[in-house]
Amino acid sequence: MKTLTVRVTAELQVPDDWTLVDHAAGMTALKIGDQFVDFDIAPLSTRDNDPEAMWTDEDEALTARVLDCVIELDSDLDLNYQQ
């Protein structure tokens, strides 16, 4: 068995009324209106080796197989205000 480490970094420009809050589940979440948002890993796949291939998570069995391999997952949210 091997260990695959995946690092995903995303930077979003969000409206000023979106905020970070402490959620009752013990994590920091993005608050948009009356909803809480967290980020998770979503494996995408395709059968085509083509530059224009469509990548999806529609293969539920493959998606579940990949997610079953996840042994640790952490997301870190940081909100910086620009002037």
Side-chain angles (χ1 to χ4, degrees):
M1 189 67 66
K2 300 180 260 188
T3 300
L4 170 66
T5 302
V6 178
R7 287 183 185 86
V8 177
T9 302
E11 186 172 310
L12 293 74
Q13 288 187 333
V14 300
D16 288 337
D17 61 335
W18 293 14
T19 60
L20 291 181
V21 296
D22 292 326
H23 189 271
M27 58 191 241
T28 300
L30 181 61
K31 183 103 167 44
I32 303 173
D34 63 351
Q35 291 190 296
F36 300 94
V37 177
D38 190 24
F39 295 86
D40 201 346
I41 187 171
L44 303 175
S45 65
T46 186
R47 293 188 184 277
D48 298 321
N49 188 15
D50 182 295
E52 300 299 320
M54 179 66 70
W55 293 81
T56 72
D57 61 355
E58 291 177 352
D59 187 335
E60 293 178 13
L62 180 60
T63 297
R65 190 172 161 201
V66 172
L67 291 178
D68 284 346
C69 294
V70 176
I71 56 174
E72 183 178 341
L73 181 64
D74 186 31
S75 62
D76 183 31
L77 303 178
D78 184 32
L79 190 58
N80 295 303
Y81 292 94
Q82 299 175 358
Q83 293 185 17

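Quantities reported herein were computed from a predicted structural model and do not represent experimental measurements.
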field: Closest non-hydrogen atom pair between D34 and K31, with its separation
entry: CA-NZ, 3.7 Å
field: T63 OG1 to L44 CG distance, which is reported to the nearest 0.5 Å
entry: 7.5 Å
message: If you count every heavy atom of other residues, nucleotides or ligands that lies below 6.0 Å from D17 atom CG, does the total exceed 12?
response: yes
message: I need the minimum non-hydrogen distance between F39 and L12, along with the two atoms involved.
response: CZ-CD2, 4.4 Å
query: Do V66 and I41 share a hydrophobic cluster (ILVMFWY, side-chain heavy atoms under 4.5 Å, transitive)?
result: no
query: Can you tell me how far the CD atom of E52 sits from the OG1 atom of T46, to the nearest 0.5 Å?
result: 11.5 Å
task: With sequence neighbours left out, write down each residue that passes ring pair (Phe, Tyr, Trp, His ring centres under 6.0 Å) with F36, or none if nothing qualifies.
output: H23
message: Looking at every heavy atom in both V37 and L77, which two are closest together, and how far apart are they?
response: O-CD1, 4.4 Å
- prompt: Are L67 and L4 connected in the hydrophobic side-chain network, where two residues link if heavy atoms are under 4.5 Å apart?
  reply: no
- prompt: So among D74, D38, D22, which one has a side-chain contact (heavy atoms from CB on, under 4.5 Å) with M27?
  reply: D38
- prompt: What are the two closest non-hydrogen atoms of V70 and L73, and how far apart are they?
  reply: CG1-CB, 4.2 Å
message: Restricting to non-hydrogen atoms, name the atom on L20 and the atom on T28 that form the minimum distance, rounded to 0.1 Å.
response: CB-CG2, 4.0 Å
- prompt: Counting heavy atoms not belonging to D68, are there more than 12 under 6.0 Å from its CG?
  reply: yes
task: For side-chain contact (heavy atoms from CB on, under 4.5 Å), just list the numbers for L79 and L30, CA-CA rounded to whole Å, side-chain angles, deciding distance to a tenth of an Å, and then say yes or no.
output: CA-CA 9 Å; L79 190 58; L30 181 61; 5.6 Å; no
query: Which atom names give the shortest non-hydrogen contact between A53 and D48, and what distance separates them?
result: CB-O, 3.6 Å
query: Are I71 and M1 connected in a single hydrophobic cluster, I mean Ile/Leu/Val/Met/Phe/Trp/Tyr linked by side-chain heavy atoms less than 4.5 Å apart?
result: no
message: Run the side chain to side chain donor-acceptor pair (under 3.5 Å) test against D59 and tell me which residues pass, sequence neighbours left out.
response: none
